Structure formats: C-alpha cells, structure tokens
> 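Before I ask anything, let me first share the structure, which is written out below as structure tokens.
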Protein chains: 2
Amino acid sequence: MMNQQTSPPDTPITLENVSVDVVIFTLRSRDLQVCLVRRDCAPFKDDWALPGGGVRVDEPLERAALRILHAKTGVRDLYLQQLFTFGDPGRDPRRRVISVTYFALISSERIATNHLDGDSETVGWHSVYALPRLAFDHAEIIQYALVRLRNKIQYSAAAFELMPEEFTLRELHDAYMVILNDYTLDKANFRKKIREANILEPASGYRETGGRPARLYRFRRDAQPEIKARRFFP
Amino acid sequence: MMNQQTSPPDTPITLENVSVDVVIFTLRSRDLQVCLVRRDCAPFKDDWALPGGGVRVDEPLERAALRILHAKTGVRDLYLQQLFTFGDPGRDPRRRVISVTYFALISSERIATNHLDGDSETVGWHSVYALPRLAFDHAEIIQYALVRLRNKIQYSAAAFELMPEEFTLRELHDAYMVILNDYTLDKANFRKKIREANILEPASGYRETGGRPARLYRFRRDAQPEIKARRFFP
DNA sequence: TCAAAAGTGTTCAGCTTACACCCATGA
DNA sequence: TCATGGGTGTAAGCTGAACACTTTTGA
C-alpha cells in the first residue's frame, strides 16, 4: 500500500503497481494485537495503516514482506503466510496499486523492546477488538486476516508461534480463547487434546500464580505441527 | 502470465508488472480436467500454459479473471476464487511478472461446444492426472489449485459447481472420488451424509443405467453451501 | 432367474461434551 | 482452613467406518 519508506539514496527501484502489506499479530496481556503505523502524509494523514511498502525489482514477494517485518519488529525469522491480494481500482486514491498481503505471527517476547513500547508516535500495537481509524481498505484486510488466523489455529499448531518460549497450559488456553473470542472452551477437554496431540514437552520450572503453581511447557521441536484434517463434507 | 491476447486495436493499456492466470476445472467422463492454451511464441513455445493475461488499468482483478474465463469457455457466471499470488523474480524469463491466480469450477455441460471440442489446436482440456509439459511455473500453480480444490469440497458444497444441473447420487459420488483420487469412499456413508446435509432435492426423472434406474437430483438453491467447521485442534 | 446397479440399516469403536472432582499453594 | 487456581476422570451421546443387506431394472 505504499506506506512511505524513508529511503536511503541507494534504494533499488520498486515495481510500479505492486506493494506488500503485512498484518503482524501478537499476543500481549491477554489481548490479540496488530502492528500499525501512523501515516504522516496524505491521503489518510494521521490515520493508521498496515506496515507495507514497495517490492524491489529483484526481490521475491515474501522477502519484501520479511524486510518490512524486520523493520517494524526487529525480528527476522517468524511465521509468515500469504493472505490475499487486494487490487480493486480506487483502493488507493493516488493510483492503481495491487497489494499482496501477508499475515505474520510473533511472540511478543521476541519483539525488540524499542519496537514494542509506544514511545514512538509512528508505530504501535492495537487490539484487534478496538481498532483505530484505518487508512485505505486496511480494516477489511485485518478482518480477513483474523478469520484466517482463527481457522488456522483450529487445524494446526500455529498458535504456538504467538506464545513465549515457555508457557503454562492456562496461558495457552487463554490464548485460544482470546484469538477465537470464545470464552466457553472447556479447560479439561482442551488440556486432554493438547496432551494427546503430543506436541508439548515439560520445561524445567513452574509459574507462580495465585494458587497452585503451574507447570511450564515448551513446544516440541520435532512435533508434527499440522493436524491431518478429517472430512467434514460429505 | 501474459499469454498473448490477440488485442483489438482499442484494448486499454494493461498494468506493467501484473497478470492474472486462471485454473479452470471441469469434470468430463469421470476425469478432472483443466483448461490449457498452447503457446505459439517464445518463451516455452509449443508448451501448454494456463489461460491468462494482463489487467486493464481500471479493471478489478476478479473481473480480469472473468474476462479470461469467458474468452476460453463462453461462460460468464461461475464459481471463481482467488488462489495465490506468484511473484518470484525469474518465473517469467522476459521480465518481472506478479501473477494473481484464480481457480474456477464449471460444469462441462455449460461450456459452449465450440470451446469444448479439441478441433482448436490452441485451447484444450487436459486431465490433471496426465498433464502435458507446462510453461513457466504453471505446473506448480495447478498442483496448488488441486490441493485447494480437494480441501474445499470437504468442507463446502463446492463440488456441485462441477456437476450438471441434474445428476444421480452415483455421479456425485464418482465426482468426489475422482477429485480426491480416492476410490475407497463408502457408498452408503456418502449417501447418508448427503441426505443429512439436506442440500439436494429430487428432480423429476430417473437416469437409465445398467441396472435399477437412478433417481435424479438437483442442488437446492436455498441450501447452506458452507458447512460450519468443527474444531480439529486442539 | 441372474447380473448389475440403486439404495438402506445396523453395529461397533472412537471421539466430543459436559461436568464433577481432587490437588497444591499462600494467606 | 479457606480461597485460588492447577490438574484429572468419567459417563452420555454423537459421529464415522465397515459391511451386509434389500430393491428394481433389463437381458
């Protein structure tokens, strides 16, 4: 969507009509948040927008997305997946732009602190359940990303990409409930399923809580993250 | 992917680095087929490629896909869904092209006959299980479309888009087996599920077969085509 | 009356759901 | 000993897989 890159003079030329935008999800204090940047020029001046930018002439689309991600979060390797390509004429009032969008998942503990705290006026993390005014069609893009995220965590272990290195089952359970916005998920059944999926291993310690301390777990590196789907229909 | 359009002189200018390619599926004589066009110039001269072309300056992406579809099949309204955007540098040896791909489903009875029969050297229908040599990265695109189609028919009634107006349960069952390439789907259970899904209504007649005649059905217009998904994980 | 294909019913194993219960800790 | 949250077991009901069975037609 051409959120202006502050370009050093040697920046290679980017493609004319193509841009990449990224919906970066993270989980902080029991809230699902996305990374947004504040626009400092027209159109949509002072509104918030997704991090994005042009694609360099010899740069694969995914690498462009990773470059943008690194600029906003300081992180290089993370979960990234193509989402959809938005290309309606008029979505950018200046000119025709085809925007290839991605969605990324990152644990908030991995985000470099200078990228996380809001002391910068121009980059911020916002709850998906209380979004500010958004530029272009970015509200639509985020809604679509949310739908995909919700589907994704139900047939794969993608939610682990949002968790810290070590976590309790309660925290994982909370994460699912926050993402799905469904607080009726049964605790006992959730734990049973996770145990049977055999994707966690106990970490060394315990987390202090109000009551009985909670066992810490980590994601097993050798686990099969994709759950093979059964047939729904017919 | 810039399969040359034979352009009338008044054709509007197309976007520089963007193209649209469409994987058009149909079902013919118990085979799943895709529409391909034979390239008549370099690169990949004489290989087969997906129907595709440039995007006009004021044309939405989906409308470009529909225009291409209409040119190859003579049909205007059909099932169309965005698939993926392929944009690696080098996928077209001539220049950088970002290809937004779509997949379409169409009943073979709706394809205008002059578009169906192979008397044209340049457009043809090919079994996905016996594809010819393909230009660019189109083999990869078709494989990906096939994966998506297989997923799709398992949680939605999309397979009906490939069926004729009226059909027997046996024909629908065969369609599923051909698409999934799995001939172990139990007949009794399949029928039971379809019945319970409540998406068919009986048509007037019967189809003559080798044995007992088979009831004809049609898709209920007011049916809920999407099956709400249950949770797999956790 | 037999072959071929349509169409149905029944059983069993496994999974989901709901919910009750026990355990460990600090105050 | 009580509140808080961690953690588990079990029974009821539903779903899916397997397979045997009946029905209707033409030859």
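Small disclaimer: the values here were computed from a predicted structure and weren't measured.
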> Given atom CG of A:Leu216 and atom C1' of D:dG6, what is their separation to the nearest angstrom?
12 Å
> Round to the nearest Å and state the distance from B:Phe190 atom CZ to C:dA6 atom C1'.
14 Å
> Calculate the interatomic distance between A:Glu171 atom CD and D:dG6 atom C1'; express it in whole Å.
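Nearest whole value for this atom pair: 12 Å.
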> Specify the separation, in whole Å, of atom CZ of B:Arg191 and atom P of C:dG9.
13 Å
> Output the rounded distance in Å from CG (A:Leu185) to P (C:dA18).
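Result: 11 Å.
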> Classify every nucleotide of nucleotides 22-27 of chain D by which part a protein heavy atom approaches to under 4.0 Å, writing B for the base, S for the sugar-phosphate alone and - for neither, in 5'-to-3' order.
-BBB--
> For the pair made of CZ in A:Arg215 and P in C:dT25, what is the distance, rounded to whole Å?
12 Å
> Evaluate the ring planes of B:Tyr79 and B:Phe103, with Trp represented by its six-membered ring, and classify them as parallel (under 30°), tilted (30 to 60°) or perpendicular (over 60°).
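It falls in the tilted class, 30° to 60°.
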> Which class fits the ring pair B:Tyr176 and B:Phe190: parallel under 30°, tilted 30 to 60°, perpendicular over 60°?
perpendicular
> So if I take every side-chain heavy atom of B:Ala188 and compare against D:dA17, D:dT10, C:dT8, which nucleotide ends up nearest?
C:dT8
> Checking side-chain contact (heavy atoms from CB on, under 4.5 Å) against B:Tyr144, which of B:Thr101, B:Leu83, B:Val23 comes through?
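Looking at B:Thr101, B:Leu83, B:Val23, the match for B:Tyr144 under the side-chain contact (heavy atoms from CB on, under 4.5 Å) is B:Leu83.
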> Taking side chain as C-beta onward, heavy atoms only, is A:Phe160 less than 4.5 Å from A:Leu172?
yes
> Under the rule for salt bridge (charged side-chain N to carboxylate O under 4.0 Å, His left out), what residues qualify as partners of B:Glu140, not counting sequence neighbours?
none
> So, OP1 or OP2 of D:dG6: does either fall under 4.0 Å of a side-chain N or O from A:Lys187?
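The answer is no; no side-chain N or O of A:Lys187 sits under 4.0 Å from OP1 or OP2.
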> Suppose we screen for side chain to side chain donor-acceptor pair (under 3.5 Å). Which residues come up paired with B:Glu171, at least two apart in sequence or across chains?
B:Arg207
> From CG of A:Asp174 over to C1' of D:dG5, roughly how many Å is that when rounded to an integer?
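A:Asp174 atom CG is separated from D:dG5 atom C1' by 12 Å.
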> List the residues meeting salt bridge (charged side-chain N to carboxylate O under 4.0 Å, His left out) with A:Arg191, not counting sequence neighbours, and say none if there are none.
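Scan of A:Arg191 (salt bridge (charged side-chain N to carboxylate O under 4.0 Å, His left out), adjacent residues dropped) gives none.
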> Return no unless some side-chain N or O of A:Lys193 is found under 4.0 Å from OP1 or OP2 of C:dT16.
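Yes, within the criterion.
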> Grab the NE2-P distance between A:His173 and D:dT8 for me, whole Å please.
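From A:His173 NE2 to D:dT8 P: 14 Å.
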> Using a strict heavy-atom distance below 4.0 Å, which residues from residues 162-169 of chain B are in contact with DNA chain D?
none
> Do A:Lys192 side-chain and D:dT10 base share a donor-acceptor contact under 3.5 Å?
yes
> Using heavy-atom distances to pick each residue's nearest nucleotide on DNA chain C, tell me which of B:Arg170 and B:Asp186 is more 5'.
B:Arg170
> Do A:Thr73 and A:Thr26 have side-chain heavy atoms sitting under 4.5 Å apart?
no
> Who passes side chain to side chain contact (heavy atoms under 4.5 Å, CB included) against B:Arg212, sequence neighbours left out?
none
> Using a heavy-atom cut-off of under 4.0 Å over every strand shown, decide if A:Arg195 touches base, sugar-phosphate, or nothing.
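Sugar-phosphate, no base atom in range.
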> From the set D:dG7, D:dA17, C:dA6, return the single nucleotide nearest to any side-chain atom of B:Ala214.
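Side chain of B:Ala214 sits closest to C:dA6.
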